[in-house]
Amino acid sequence: MTATPDHVLHNRSAWDRWAADYAGPGLRKWEPSAEPSWGIWNVPESQAGILPSDLEGLDAVELGCGTGYVSAWLARRGARPVGLDNSAAQLATARGLQERFALRFPLVHASAERTPLSDAAFDIAISEYGASIWCDPYAWIPEAARLLRPGGQLIFLVNSVQLMLSLPDEDGLPATDRLLRPFFGMHRFEWPDDESVEFHLGHGDMIRLLRRSGLDVEDLIEIRPASGATASHPLATIEWARQWPSEEVWKARKRY
């Protein structure tokens with residue numbers, strides 16, 4: 001049996017430790033009255049246009065679901081979601097929120113790099129700061145493609161390339177107006193203050209990976225927050241994020 005990669009274990013440990021800090025934000029995003037809002041700037045769905053317009057009857061999998069709020073959004077719009085996460089503590093929060101709001105869907109404890117789910121079982125695979133940054137894209141994107149039916153859509157939100165090249169190593173410091181690391185070869189990112197491991201690719205590498213995985217790029221949305229928006233994480237100032245994208249959303253479709 002293939003050994004579990006070190007970054008999967010490091011991220012599982014980190015997110016089990018951080019899970020309690022995300023219970024409150026998860027609760028707010030689970031509220032039925034709350035419009036879906038995306039990323040660190042909480043950009044509303046009416047502005048971002050990330051979800052398909054019609055989700056009724058679609059099978060969806062959220063890869064790196066955390067507290068499960070994206071899956072809850074999908075379920076309330078008529079989809080049949082499955083939430084998958086590497087952290088048992090995050091899934092415990094998600095189960096508690098399912099009970100609180102009487103909205104239940106399957107939750108699976110596994111890495112999105114190697115799931116126990118069947119081939120071609122889903123119409124949508126989605127990730128907002130889940131598998132999209134905490135799993136190796138060379139593993140999770142082919143796995144997502146395996147899970148999708150022909151014509152199915154992959155949607156994922158990540159930190160922008162511009163942000164990752166401009167972000168200091170020190171925790172809590174926002175992106176600068178200078179490039180601090182090389183673009184070529186970007187892939188695995190580790191930080192001096194914790195054990196977690198992130199993954200980010202340049203645009204060319206991402207496009208080639210998606211195409212090799214049988215997915216055609218349909219859109220790349222560069223998120224621009226509204227003037228005066230407040231970030232939930234100190235990755236960028238509003239002045240920075242109004243000039244350069246701090247987040248981006250990829251949409252790709254599996255070939256028939």
Next on the checklist: side-chain contact (heavy atoms from CB on, under 4.5 Å) for Phe189 and Ile133? Distances and angles first, verdict last.
Outcome noted: CA-CA 10 Å; Phe189 288 71; Ile133 72 166; over 6 Å; no

Closest non-hydrogen atom pair, [X] against [Y]:
X	Y	result
Trp140	Leu154	CZ3-CD1, 3.9 Å
Ala88	Asp16	N-OD1, 3.2 Å
Ile238	Pro225	CD1-CG, 3.6 Å
Pro168	Thr176	CG-CG2, 3.9 Å
Asp54	Glu56	OD1-N, 3.1 Å
Leu215	Ala252	CB-CB, 4.0 Å

Within the side chain of [X], is there an N or O that forms a donor-acceptor pair under 3.5 Å with the backbone of [Y]?
X	Y	answer
Arg146	Leu117	yes
Gln90	Asp85	no
Arg255	Arg211	yes
Asp123	Asp59	yes
Asn86	Val8	yes
Ser127	Ser132	yes
Ser160	Pro245	yes
Lys254	Gly152	no
Glu247	Leu157	no
Arg149	Ala121	yes

To the nearest 0.5 angstrom, please state how far the [atom1] atom of [X] sits from the [atom2] atom of [Y].
X	Y	atom1	atom2	result
Ser246	Leu235	OG	CG	7.5 Å
Leu220	Met206	CG	CE	9.5 Å
Glu218	Leu210	CD	CG	11.0 Å
Glu195	Asp6	CD	CG	10.5 Å
Leu201	Ile207	CG	CD1	11.0 Å
Ile124	Leu147	CD1	CG	13.5 Å

Next on the checklist: If the threshold is 4.0 Å, N to carboxylate O, is there a salt bridge linking Asp216 and Arg253?
Outcome noted: no

Checklist entry - So does Arg77 pair up with Glu45, basic N to acidic O under 4.0 Å? => result no

Item to check | Step-by-step side-chain contact (heavy atoms from CB on, under 4.5 Å) determination, Ile50 to Glu128 | outcome: CA-CA 11 Å; Ile50 292 170; Glu128 184 208 33; over 6 Å; no

Next on the checklist: Would Leu51 and Ile126 count as a side-chain contact (heavy atoms from CB on, under 4.5 Å) here? Give the steps.
Outcome noted: CA-CA 9 Å; Leu51 294 176; Ile126 191 166; 3.8 Å; yes

Taking the side chain as C-beta and beyond, is there a heavy-atom pair between [X] and [Y] under 4.5 Å?
X	Y	answer
Val82	Phe122	yes
Pro137	Leu209	yes
Val161	Met186	yes
Ser111	Thr4	no
Asn159	Tyr129	yes
Val108	Thr115	no
Asp177	Gln243	no
Lys29	Tyr22	no

Checklist entry - Do you see a donor-acceptor pair shorter than 3.5 Å between the side chains of Ser166 and Trp244? => result no

Checklist entry - Does one side chain, of Asn11 or Ser196, offer a donor that lies under 3.5 Å from an acceptor on the other? => result no

Next on the checklist: For Gln162 and Glu222: C-alpha separation, side-chain torsions, deciding distance, then whether side-chain hydrogen bond (donor to acceptor under 3.5 Å, both in side chains) applies.
Outcome noted: CA-CA 11 Å; Gln162 180 80 26; Glu222 291 104 348; over 6 Å; no

Checklist entry - Relative to each other, are the rings of Phe101 and Trp30 parallel, tilted or perpendicular (30° and 60° limits)? => result parallel

Item to check | Plane angle bin for His187 and Phe199 - parallel if under 30°, tilted between 30 and 60°, otherwise perpendicular | outcome: tilted

Item to check | Identified side chain to side chain donor-acceptor pair (under 3.5 Å) counterpart of His7 within the set Glu190, Arg12, Glu113 | outcome: Glu113

Next on the checklist: Using the side chain to side chain donor-acceptor pair (under 3.5 Å) definition, which of the options Gln98, Arg76, Arg80, Glu62 pairs with Ser71?
Outcome noted: Glu62

Item to check | Check against side-chain contact (heavy atoms from CB on, under 4.5 Å), Asp169 and Arg181 | outcome: CA-CA 10 Å; Asp169 284 340; Arg181 54 179 59 89; 2.8 Å; yes

Item to check | ring-ring contact (aromatic ring centres under 6.0 Å, His included) contacts touching residues 202-228 (sequence neighbours left out) | outcome: His203-Trp250

Item to check | Which residues share a side-chain hydrogen bond (donor to acceptor under 3.5 Å, both in side chains) with Trp191, sequence neighbours left out | outcome: Glu198

